[in-house]
Each structure stands twice: as structure tokens, then as C-alpha cells.
Novice: 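This is the structure I want to talk about, given as C-alpha cells.
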Amino acid sequence: MSERVDVEQHRADVAELLATLADRPVEQVPLDQGVLGRVLARDVTAPGPLPRFRNSQMDGFAVRAADVATAGPGAPVTLPVAGDVAAAPGEPAPLAPGTAVRIMTGAPVPEGADAVVPVEDTDHVTFNGAAAALATTVDVARARMSGEFVREPGSDVAAGAVVLPAGTVLAPHHVAAAAACGVAHLALRAQVSVAVVSTGSELVGPGGEPGPGQIWDANGPALAAAVQAAGGRVGERLTLADDPAAVRAGLERAAAGCDLVLTTGGVSQGAYEVVKDALPEVVFRSVAMQPGGPQGFGRIGGTPVLTFPGNPVSAQVSFVVFLRDVLRRSAGLPPVERMPAVLDGAVRSPAGKRQLLRGRWVRPAAGAAAVGAEERVAVVGGPGSHLVASMAAADVLIDVPAAATTLEPGAEVAVWPL
Ligand SMILES: Nc1nc2c(c(=O)[nH]1)N[C@H]1C(S)=C(S)[C@@H](COP(=O)(O)OP(=O)(O)OC[C@H]3O[C@@H](n4cnc5c(N)ncnc54)[C@H](O)[C@@H]3O)O[C@H]1N2
Ligand code: MOO
């Protein structure tokens, strides 16, 4: 039997194989085309000031503050209403001294006006239902300082200033700022395009009807989701039957069109290990971990390929351990740090293999003193690599060292957040 390779060694080998994926070209992506979660490659600067022009913060009357300086409850100042400005295209006429202009929120403040009196502080009380009827006068019952309820140009961001710095992981509020500044495209790191290939004659795609001996493909959808969650893009999704020639052809095609090929299944000790058979140029090895022992890495043509085992838990654990951080780094995202935790129960483990058990955080009961409390984890489900539904209940992978055969409750372990 060939010797097992240490997990960290295989991690390093995979990272080296995929080192060329770290430097991503920059692409211009329209704001509304899937930018969320992606990382800005360059600063976004404001092409002009924001707000673009002086505008009203309230529905009310634009005035000269000096004209209403004496206004107060029981002592209103009456002004003639000289016009009406809506938040609509156009430029209002300047405000003559001693007059007011009806104005809506967001409408340009006329030159000469330096304050807006909210409608509630006048005898009009509200403009609701008064679209067509423009009153001839307004009684202002409250004085306003110069500048009150007037939004100055550039008071949010000045022309040329940085709105979003390079490295920003885009969320909806970042999109809002870019859009408000009139930025239509963002310079983003191009995503790594991954071909996700499931192998196995037993597999039926989502929505299909499995016949006797068949199962639904869990790995294809799961790894496609994992690639996206790590900032990559699914360039191709294939499900290939156990026919080495067809698998070879499918993988060559996938390799020609993608930055990375990821396969599942067909890599252990069976009679129909189609990935092994189809890829003589790939190194297949047994990594000292469970799940995720059988692994392969290499290139098809110039394109890197990783071959994960078929068991669905093994495939997902392989992704977390070997590929997630590599893809995140390519996307400009920080790695997901492993963290310390304390075991809530005892764990038994076979010697010589690092176990990555599925675990769940044990939160302190409501009301219990949480200050200084350790983060405790409990094992979820069994160690079997087929227990995909149990894995769905997990928050973390509990990393049990290869040398450990028993860990007692309270033992410190490292966990990989899922
Ligand atoms: N004699 C030995 N048998 C096995 C060994 C071994 O060392 N000696 N290793 C075991 C381990 S560990 C694993 S992991 C699996 C890996 O097998 P393969 O990568 O060759 O995968 P398959 O045989 O194709 O499938 C294994 C298992 O997973 C199911 N599967 C496959 N693909 C999918 C998919 N896309 N969605 C859902 N389920 C899938 C498949 O039906 C099998 O049940 O080998 C062990 N055997
Ligand atoms: O090591 Mo296999 O990947 O458990 O089930």
C-alpha cells in the first residue's frame, strides 16, 4: 500500500498548482450584473459632486431665511408664493426677495433661497392632494436658519473623491453609492472560471427520475454553490457516465474553456475508477484524512485539475480544506480562518488519519453568562462520508489531529467554519 500524504502537504501542493490563479485580470462589470460579493479591483471615484446640485431636504417652501427670521407660533410671516418646484427636470427661476416658492424633496433650490421651511410649519400643513392647486400665499410659523433643509452639492461626496476603495467586498449599499454617482461599471477582479464535473453512471441530475441503482447528483450542485460562495464562477457543469473515453473528451473540453477543472468520483480502488483511467497525467494519492482521503491533482493540457472523491461529504470537505481559500484569495477575499473551540462531548478517532468531523456550535442557554464563555462545539451525525443530510446541520468541521484516538469533553480543537 502506498504511503499516505499529510493534509498540509497536499494543501501546499494544490496551492502551488493553482498559484497562477492568484493574479486576476480586471474586468468592467455593469452595476446590475451580479457584482454582489465581488471585490473592487480599483477605487471608485465620484465623477462629480454628490448631491449634484443644491436641493431640498423637505417638502415645503424655499425662502430667504432673513425673510422669516421673526416668524414664530402666533406670529406668522406671510409671503406670496411665487412658484412651484418639483423633483423633475429643469432649473427654477431665482427667488425674488420677500417671496416663497413651493418646493418638493429633492427639487433644485432656487438661487437666492437659502432655507426650506417644511410644510408642517406653515398654514398649508401638507401638500397631499394639492398637486394642481398652488396657493397664492403662505403663513410661515417658524423661523429657519440659513442652510436649514438645503442639501449642498458635494455634501455627501466631493467630485473626484473616493467613494469605494479598492478591495471593497460589494454589498447593496456600495452599489447604491456607485449608482448615485453615475458610475455604471465597476472594475472587478475577473472570477476564476471552474468546470464542475460529476462522474458516475449512477447519477441523475436535479429534477431527474432515478431508476434502480441510481441516485441524484449531490456533488455537482454542491460544488457549483461552493465555487460561487468562494468568489469563483461556474464555467461549465458536466455529469459524465463511467466511460473513460467520454470522460476524457468531456474533461478536455472543460479544460479548454475554464481556468480550473474540478471532478468528483472515480478516484479510489474500484474497478471503474473512470477519472483515474482518463487522466494518466494526474497524480493520484491517498491523503491522511477522513473524509476526503483519495485525491488527485495535475493538469489537462495547461489547465489545472483537482479530483475530489465521490462521497458527497468527502467532496465538500475536500473543497473546504483544499480549494476554498485558494479561490477566495483569487477573488480578493480573505481566507476563512480556522478557530479554536472546546469539545462538548468525547470524540473517538482512528489513529493515523486526521478526522474532519461535522460539528455544531453549542450556544450558551439564553440568560447564561456568555462573558468569557468558550466557544463549544458538538459533533453532528456520524463519521460516514455519505451522511450528507447530517452535514447540512453542521456549522463547522472539527479537526481531530491524526495522532489522537480519544478526545475528552473540554479538549481544545481547531474548527473550520463552513
Ligand atoms: N477498497 C476501497 N474502497 C474505497 C476506498 C478505499 O480506499 N479502498 N476509499 C473509500 C473512500 S474514503 C471514498 S471517499 C470513496 C471515493 O470513491 P470515488 O471517488 O471513487 O467515488 P465513487 O466510487 O464514484 O463514489 C463514491 C460514493 O459516492 C457516491 N457519489 C459519487 N458521486 C456522487 C455525486 N455526484 N452525488 C452524490 N453521490 C455521489 C457514489 O454513489 C458512491 O456511493 O471510495 C471508498 N471506497
Ligand atoms: O476518505 Mo473517503 O473521502 O471518507 O469517504
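Both counts, for ligands and for their atoms, begin at 1 and track the order of listing. It should be emphasised that the depicted structure is a prediction, and the values quoted were computed from it without experimental measurement.
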Novice: Can a side-chain donor-acceptor contact be found between S268 and E273 if the only test is distance below 3.5 angstrom?
Specialist: yes
Novice: Give a yes or no on whether atom 17 (O) of ligand 1 lies under 4.0 Å from any heavy atom of the protein.
Specialist: yes
Novice: Give a yes/no on ligand 1: does S385 have at least one heavy atom closer than 4.0 angstrom to it?
Specialist: no
Novice: Taking atom types as modelled and ignoring hydrogens, do the side chains of Q295 and T307 form a donor-acceptor contact shorter than 3.5 angstrom?
Specialist: no
Novice: State whether the shortest distance between N or O atoms of G310 and N or O atoms of ligand 1 falls below 3.5 angstrom.
Specialist: yes
Novice: Are any of the N or O atoms of L203 closer than 3.5 Å to those of ligand 1?
Specialist: no
Novice: Would S314 count as a contact of ligand 1 if the rule is a heavy atom under 4.0 Å away?
Specialist: yes
Novice: Tell me which part of V388 gets within contact of ligand 1: side chain, backbone, both or neither, using heavy atoms under 4.0 Å.
Specialist: neither
Novice: Within the 4.0 Å heavy-atom shell around A218, which atoms of ligand 1 are there?
Specialist: 34 (C), 36 (N), 37 (C)
Novice: Show the short N or O contacts, below 3.5 Å, that ligand 2 makes with protein N or O atoms; if there are none, say 'none'.
Specialist:
from	atom 1	to	atom 2	distance (Å)
ligand 2	1 (O)	G292	N	3.0
ligand 2	1 (O)	G293	N	2.8
ligand 2	3 (O)	G292	N	2.4
ligand 2	3 (O)	G293	N	3.2
ligand 2	3 (O)	S314	OG	2.8
ligand 2	4 (O)	Q290	NE2	2.8
ligand 2	4 (O)	S385	OG	2.6
ligand 2	5 (O)	N311	ND2	3.3
ligand 2	5 (O)	S314	OG	3.0
ligand 2	5 (O)	S385	OG	2.2

Novice: Quick check on contacts: which atoms of ligand 1 are under 4.0 angstrom from a heavy atom of P309?
Specialist: 14 (S), 16 (C), 19 (O)
Novice: Verify whether one side chain among N219 and S198 offers a donor that lies under 3.5 Å from an acceptor in the other.
Specialist: no
Novice: So is W216 close enough to ligand 1, meaning a heavy atom under 4.0 angstrom away?
Specialist: yes
Novice: Considering only the protein, which heavy-atom contact is closest to atom 35 (N) of ligand 1, and what is its distance?
Specialist: D217 OD1, 2.8 Å
Novice: Quick test of your reading: applying ring pair (Phe, Tyr, Trp, His ring centres under 6.0 Å), list the pairs with at least one residue in residues 19-63, sequence neighbours left out, ordered by first then second residue.
Specialist: F61-H124, F61-F127
Novice: Is atom 10 (C) of ligand 1 near the protein, in the sense that some protein heavy atom lies at less than 4.0 Å from it?
Specialist: no
Novice: Record the part of E273 in heavy-atom contact with ligand 1 below 4.0 Å; permitted values are side chain, backbone, both and neither.
Specialist: side chain
Novice: Going by distance only, is there an N or O of N311 that falls short of 3.5 Å from an N or O of ligand 1?
Specialist: yes
Novice: Flag P312 as yes when one of its N or O atoms lies below 3.5 Å from any N or O atom of ligand 1, and as no otherwise.
Specialist: no
Novice: Is it the side chain, the backbone, both or neither of E202 that has a heavy atom closer than 4.0 Å to ligand 1?
Specialist: side chain
Novice: Check the angle between the aromatic planes of F308 and F322 and answer parallel, tilted or perpendicular using the 30° and 60° thresholds.
Specialist: tilted
